[in-house]
Amino acid sequence: MSNWQRILSVARRELRIIRNRPLYFMGSVGVIAFCAVFFLTFLDKGLPDNIPIGIVDNDRSSTSRAFVQQLDATQLGKVVRHESFSSAREDMTSGKIAAVCVIPEGMNEDIQAFKQPRFTFYVNGLYFVSGALAWKDLLTMVNLTNGAVQREILRAKGYNDREIMGLIRPIDIDVHQIGNATTNYSYYLCGILLPGVLEMIVILVLIYSLGAELKFGTSRHLMETSGHSIVSAIEGKLLVWTIVFSAIGFVIIMLLYHWLHFPISGSIFNMFIAMFLLVLSSEAIAIFIIELIPIPRLALSVGALYSVLGFSLSGFTLPLEAMPPYIQGLAVIFPLRHYYLFYVQEVIFGAGFAGWWKEVIYLLLFLFVPLAGLKRLKAAYIHQNFPKD
Amino acid sequence: MAKERFIKTWLGDWWNILCHELKQILSDGGVLLIFFVAGLAYPLLYNVVYLNGVLSDTPIAVVDDADCPDSRRFIREIDATREVEVAARCVNMDEAKRLMRDRKVNGIVYFPRDFGERLVRNETATFSLYADMSSFLYYKNAMLATNFVMLHEIGQIQMERYTLAGMTEQEASQVIKPVGYDDNNPFNRAFNYSFFLISAILMIIIQQTMFYGMSLLVGTQRERNHSFASLPDKLAGHGMMRVVLGRGGAYWLLYLGIGMYIAFIVPAIFGIPQRGQFGDVLAMLLFFITDCVFFSMTWSTLITRRESVFLLFLAISPICLFLTGCSWPTVAFPKFWKVFSYIFPSTFGVQGYINLSSAGGDIAAASSQMNVMVLQTIIYFGTACGCVFAENWVIRHKEEIREKKEELVRKAGIDKAEDKRIIAGE
């Protein structure tokens, strides 16, 4: 039998195994389908709205009522009225409202008399997104209130509206959000979370596939099928799994950037390349882990601990430069980190090959890692001298 | 007499099951790895990763086409903020764009040619901010810094213009700022990323490691043709409550230690704020751990083989993190996922922990979460008993189930013998 035939017979054998154990299907297609449905529908809105903001109105004047009504009318905020500060504070501490705004007594009169009354805000920064958005909403409303009062005064003094604009707002800012014009959390998070889940699945399923041979004592037969070549054995298995995982990866890319129209300034085909490389390098990591620890249960536990860390160390939420230096170095060993850097160049900036060629090299370097332990895995497959589960 | 004897055997059984389970846990390398390496080391690791949760001095590039005193002052002030650092002054946008693509800078501030002129003419002068959205924290920093400086500058310029228009300084200040504000962020002053995330991750580690460890053991016992539900032979009695409470007691004891380490010692090591009363947080933690024990017992029943828990349920961990509402607010959850989040103890455990320990509320601040956890505990206790009952039923009807299975396989046209020959060479 030629080498190709042997590889094909290993692949045929792998297909039989997959058919025999529903776990493989559930663990790969089932899990990613659930996660895709979850993240895409969960963050569907893009940006939260109607965040509850507690108001303690000690003034009860027409001005304060107008302020409260306008705050309620903003898309971000929803007003929850409180009678006293202590009850509002209790609600904030228990996370029911994101912020508290106290309107001081006599605010209306103080404004008329130019006594410069002061609002007091309290924001709960422990609920991150809602706290930050509530704070932003309150600041905007106060600045608008200031503008409105100024405009009344200036109109009374006889300025025309053009002059008033120049006086009230001498400087204005024009913000361009590169790669995500609407501050959409779904675009931001799903673009990395879903590939991250795929990386996790690739590592776990492949470790399980390779480890199950040891666990069920079928590894000698595998070696017979592959003509006693560990390389052919792994190639045969990889043939099946690379097709499965790449197909899943391509569906994710199509789903995000084609069917759901996530913004992408580069080309979707380049993202296929990124996805394919992510799958290959994750497979390399999986093979390396089982080579290092040819005990299925330990290898899987290690694979689980490794792939969960990948999310944090890709640096897409808290950027890597904010982490301690020794952690920054560690991030290099996670394929997801390189996928993220590739993604930034292609999806955010559309820089093309010139932007991401380095990441391609890093991802390809992963493919050499499993070579180190092939012998060890072969010995384990033949002697079956490690604990079985 | 009969009653006394019953209580005696009950307690004896319970104690034996508890000890048996503890032995099982301690003699299993995989479970020990999950409980003690993941349970003890992961909280430390995550703390190290998020140690300085504040991103400072985000590098930005400046393109100053206006080149006037106002724009130069503006740039100096931006550079002086905590959030942003002017890393490059570029002659044109192309150069700045290139720096952004090379990720040397994460934002560009651009002053158009007419910026200074417009200020002199008392019109609105506009400048532009181009923000890198590859991480929202870059955007947040660039936005905050430019907005603070802009508001400050507006105040200065208005002061000049109003005094030029003939107002006294006092009058001008009153017109510029008719209403002031004081803003407080008492629990997380600098919007520190680690304060909110770490609290959530810590509680999720408790729930998830317990679930994975317990599932590993359930899977192992099933593989060895034991069952998690059957009693050791020497026991005289049979009872679901004994099994559930006995096994649960073992995990509960272990997690009393691990949980207190995670909830009290880890934050203390890394200086995460602990504003709560020790007793309050401990009470909440006990509710949470009890809830987690029965939650894990119920769901681990689904695991038939030792490894399958990771393949099937590892991806639940990041999902649990989102369902706690500490990042994406609970009010913005779609209905379905809101109901779905009620499945997990972590949804309420995290909120309770944040409210008590990080925000320093009294026990009332977590009362609604604790009520739900009690309800969950009761329900999961019932389902855990139900699972033991079902498992025993399955054991008694093993033969029938096997026949049914084979019939299904025949109907589906799968030749098991052929498969076996190809897979294992038998």
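Order of the sequence lines fixes the chain letters, A, B, ..., with proteins taken first and strands second; residue numbering starts at 1 for each chain. Computed from heavy atoms alone, side chains included, the values below leave out hydrogens, waters and symmetry copies.
- Comparing A:Glu90, A:Met26, A:Gln345 by how many heavy-atom pairs each has under 4.5 Å with chain B, the most go to A:Gln345.
- Heavy-atom pairs under 4.5 Å with chain A peak, among B:Leu55, B:Thr126, B:Leu119, B:Val179, at B:Val179.
- Proximity to chain B is limited to the side chain of A:Lys157, based on heavy atoms less than 4.5 angstrom apart.
- The six-membered or imidazole ring of B:Phe136 lies near that of A:Tyr188, with a centre-to-centre distance under 6.0 Å.
- Here A:Phe119 and A:Phe67 bring their ring centres to under 6.0 angstrom of each other.
- Residue contact with chain A, scored on non-hydrogen atoms closer than 4.5 Å, is absent for B:Phe313.
- In this structure, the side chains of B:Asn106 and A:Glu321 come closer than 4.5 Å at one or more pairs of heavy atoms.
- In this structure, chain B has a heavy atom under 4.5 Å from the side chain of A:Leu341, while its backbone stays farther away.
- A centroid separation of 6.0 Å or more is found between the aromatic rings of B:Phe333 and B:Phe340.
- At a 4.5 Å heavy-atom cutoff, B:Ser194 makes no contact with chain A through either its backbone or its side chain.
- With a 4.5 Å cut-off on non-hydrogen atoms, B:Ser134 touches chain A through its backbone and its side chain both.
- In this structure, B:Phe195 has its ring center at least 6.0 angstrom away from the ring center of B:Phe187.
- Among B:Leu312, B:Asn188, B:Val331, B:Leu314, the residue making the largest number of heavy-atom pairs under 4.5 Å with chain A is B:Leu314.
- Checked by atom type and distance alone, the side chain of A:Gln177 never pairs as donor or acceptor with a backbone atom of B:Asp132 at under 3.5 Å.
- In terms of heavy-atom pairs under 4.5 angstrom with chain A, the leader among B:Asn122, B:Ile157, B:Val175 is B:Val175.
- Only the side chain of A:Leu139 comes within less than 4.5 Å of a heavy atom of chain B; its backbone N, CA, C and O stay farther away.
- Here B:Arg305 is the residue among B:Arg121, B:Arg189, B:Arg305 with the most heavy-atom pairs under 4.5 Å with chain A.
- Checked against the 6.0 Å centroid threshold, A:Tyr127 and B:Phe196 do not count as a close aromatic pair.
- Contacts with chain B were tallied for A:Tyr187, A:Tyr343, A:Trp135, A:Tyr326; A:Trp135 has the most, counting heavy-atom pairs under 4.5 Å.
- Looking at A:Ile348, only its side chain comes within 4.5 Å of chain B, counting heavy atoms on both sides.
- In this structure, chain A has no heavy atom under 4.5 Å from any part of B:Met159.
- Ring centers of B:Phe322 and B:Trp337: at least 6.0 Å apart, outside the cut-off.
- Side-chain atoms of B:Asn355 come within 3.5 Å of backbone N or O of A:Ser94 as a donor-acceptor pair.
- Counting heavy-atom pairs closer than 4.5 Å to chain B, the top-ranked of the candidates A:Ala304, A:Gly125, A:Gly147 is A:Gly125.
- Relative orientation of the A:Phe38 and A:Phe42 rings is parallel, given thresholds of 30° and 60° on the angle between their planes.
- Of the listed residues B:Gln158, B:Glu123, B:Arg161, the one with more heavy-atom pairs under 4.5 angstrom with chain A than any other is B:Gln158.
- Residue contact with chain A, scored on non-hydrogen atoms closer than 4.5 Å, is absent for B:Leu197.
- When each of A:Gly355, A:Pro170, A:Gly179 is scored by its heavy-atom pairs under 4.5 Å with chain B, the top score falls to A:Pro170.
- Aromatic pair B:Trp328/A:Tyr185: ring centres closer than 6.0 Å.
- Both the backbone and the side chain of B:Met100 come within contact range of chain A, each with at least one heavy atom under 4.5 Å from a heavy atom of that chain.
- For a residue to count as touching a neighbouring chain, one of its non-hydrogen atoms must lie under 4.5 Å from one of that chain's; by this rule B:Phe336 does not touch chain A.
- Neither the backbone nor the side chain of B:Ile108 has a heavy atom closer than 4.5 Å to any heavy atom of chain A.
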Stepwise, does the side chain to side chain contact (heavy atoms under 4.5 Å, CB included) test hold for A:Val308 with B:Gln208?
CA-CA 12 Å; A:Val308 167; B:Gln208 293 303 95; over 6 Å; no
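- Interface remark: of the candidates A:Gly350, A:Pro117, A:Gly27, A:Ser307, A:Pro117 forms the most heavy-atom pairs closer than 4.5 Å to chain B.
- Salt bridge status for B:Asp102 with B:Arg98: absent, with no side-chain N to carboxylate O gap under 4.0 Å.
- Between A:Arg220 and A:Glu213, none of the side-chain N atoms (NZ, or NE/NH1/NH2) sits under 4.0 Å from a carboxylate O, so this pair counts as no salt bridge.
- Counting heavy-atom pairs closer than 4.5 Å to chain B, the top-ranked of the candidates A:Asn124, A:Leu222, A:Ile111, A:Ile153 is A:Asn124.
- Ranked by non-hydrogen atom pairs under 4.5 Å with chain A, the options B:Val309, B:Ile176, B:Leu216 are led by B:Ile176.
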